[in-house]
Q: 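Structure incoming, see below.
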Amino acid sequence: MLFFSYFKDLVGREVTVELKNDLAIRGTLHSVDQYLNIKLENTRVVDQDKYPHMLSVRNCFIRGSVVRYVQLPSDGVDVELLHDATRREARGS
């Protein structure tokens with residue numbers, strides 16, 4: 001639940017989602033659920049030459065199980081908050 005809460009705070013921010021099939025999609029985070037399924041708006045493919053068929057896609061839903069990485073905006077990451085939250089979760093409180 002730690003990451004779910006964190007991603008909910010990033011709604012409306014631009015993120016890049018890299019999928020397990022090497023497709024990377026950048027867009028505005030519209031929503032995320034407890035399974036880390038992600039809905040992006042105003043999307044664009046990072047490597048347009050490799051995936052030209054994806055140029056017309058503007059909104060997409062990404063199943064959480066196919067996500068490899070989510071690149072967050074650097075100014076949106078509060079490292080101390082994440083460290084504290086992971087310590088609390090590891091302790092079980």
Side-chain angles (χ1 to χ4, degrees):
M1 285 309 214
L2 169 70
F3 289 106
F4 170 59
S5 301
Y6 188 73
F7 279 114
K8 282 182 65 169
D9 291 339
L10 292 174
V11 169
R13 307 285 302 272
E14 186 167 290
V15 297
T16 302
V17 180
E18 183 180 329
L19 308 181
K20 291 179 180 177
N21 67 354
D22 294 328
L23 173 62
I25 303 172
R26 182 175 292 128
T28 304
L29 183 63
H30 179 266
S31 62
V32 63
D33 67 10
Q34 70 269 22
Y35 303 106
L36 298 182
N37 296 320
I38 297 171
K39 183 174 180 186
L40 295 178
E41 295 182 332
N42 304 318
T43 60
R44 57 195 178 285
V45 177
V46 173
D47 188 358
Q48 296 179 357
D49 295 333
K50 190 173 179 183
Y51 301 98
H53 57 283
M54 294 292 294
L55 292 176
S56 62
V57 176
R58 292 292 163 236
N59 300 309
C60 67
F61 177 84
I62 303 169
R63 183 181 166 124
S65 64
V66 300
V67 174
R68 181 181 294 150
Y69 298 114
V70 177
Q71 297 175 9
L72 307 173
S74 59
D75 61 339
V77 178
D78 185 352
V79 177
E80 289 303 316
L81 178 66
L82 282 176
H83 282 268
D84 291 343
T86 52
R87 285 187 197 109
R88 277 195 306 272
E89 192 164 294
R91 285 193 308 253
S93 30

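None of these values were measured; they are calculated from a predicted model. Sequence positions, counted from 1, serve as the residue numbers for this chain.
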Q: Decide, yes or no, whether a salt bridge links Asp22 with Arg68 under the criterion of side-chain N to carboxylate O below 4.0 Å.
A: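 Salt bridge flag = yes for Arg68 with Asp22.
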Q: Is Val46 close to Arg26 at the side-chain level, that is, under 4.5 Å between some pair of heavy atoms?
A: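 In contact.
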Q: Can you name the side-chain hydrogen bond (donor to acceptor under 3.5 Å, both in side chains) partners of Arg63, sequence neighbours left out?
A: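 Once residues adjacent in sequence are excluded, the partners of Arg63 under the side-chain hydrogen bond (donor to acceptor under 3.5 Å, both in side chains) criterion are Ser65.
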Q: Test your reading of the model: is there a side-chain donor-acceptor pair from Thr16 to the backbone of Ile25, 3.5 Å cut-off?
A: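 Not confirmed, Thr16 side chain does not pair with Ile25 backbone.
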Q: With the 4.5 Å side-chain cut-off for hydrophobic clustering, are Tyr69 and Val15 part of the same group?
A: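 They do not share one cluster, since no chain of ILVMFWY contacts under 4.5 Å joins Tyr69 to Val15.
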Q: I need the Arg44 CZ to Met54 CE distance, nearest 0.5 Å.
A: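 Here the rounded value is 13.5 Å.
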Q: If you count every heavy atom of other residues, nucleotides or ligands that lies below 6.0 Å from Phe61 atom CZ, does the total exceed 12?
A: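 Atom CZ in Phe61 is crowded, with more than 12 foreign heavy atoms closer than 6.0 Å.
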Q: Drop me the distance from Leu29's CG to Lys8's NZ, to the nearest 0.5 angstrom.
A: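 So the CG of Leu29 and the NZ of Lys8 are separated by 11.5 Å.
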Q: Can you list everything that forms a side-chain hydrogen bond (donor to acceptor under 3.5 Å, both in side chains) with Ser31? Sequence neighbours excluded, please.
A: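 None.
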Q: Tell me the closest heavy-atom pair linking Val70 and Phe7, and the distance in Å.
A: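 Answer, listing the atom of Val70 first, then Phe7: CG1-CE2, 3.6 Å.
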Q: Closest approach of Asn59 and Asn42, non-hydrogen atoms and distance?
A: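 Looks like OD1-N, 3.6 Å.
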Q: Between Ile62 and Val66, which heavy-atom pair has the shortest distance, and what is it?
A: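 In terms of heavy atoms, the two residues are closest at CG2-CG2, 3.9 Å.
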Q: If you compare all heavy atoms of His30 against all heavy atoms of Val11, which two are closest, and at what distance to 0.1 Å?
A: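 Looking at all heavy atoms of both residues, the closest pair is O-CG1, 3.4 Å.
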Q: Could you tell me which non-hydrogen atom of Val57 sits nearest to which non-hydrogen atom of Thr43, and how far apart they are?
A: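 For Val57 versus Thr43, the nearest heavy atoms are O-OG1, 3.0 Å.
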Q: Measure the CG-CG distance between Asp9 and Leu72 for me, rounded to the nearest 0.5 Å.
A: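 Going from CG on Asp9 over to CG on Leu72, the span is 11.5 Å.
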Q: Output, in order, the C-alpha distance, side-chain angles, deciding distance and verdict of side chain to side chain contact (heavy atoms under 4.5 Å, CB included) for Val67 and Leu36.
A: CA-CA 9 Å; Val67 174; Leu36 298 182; over 6 Å; no
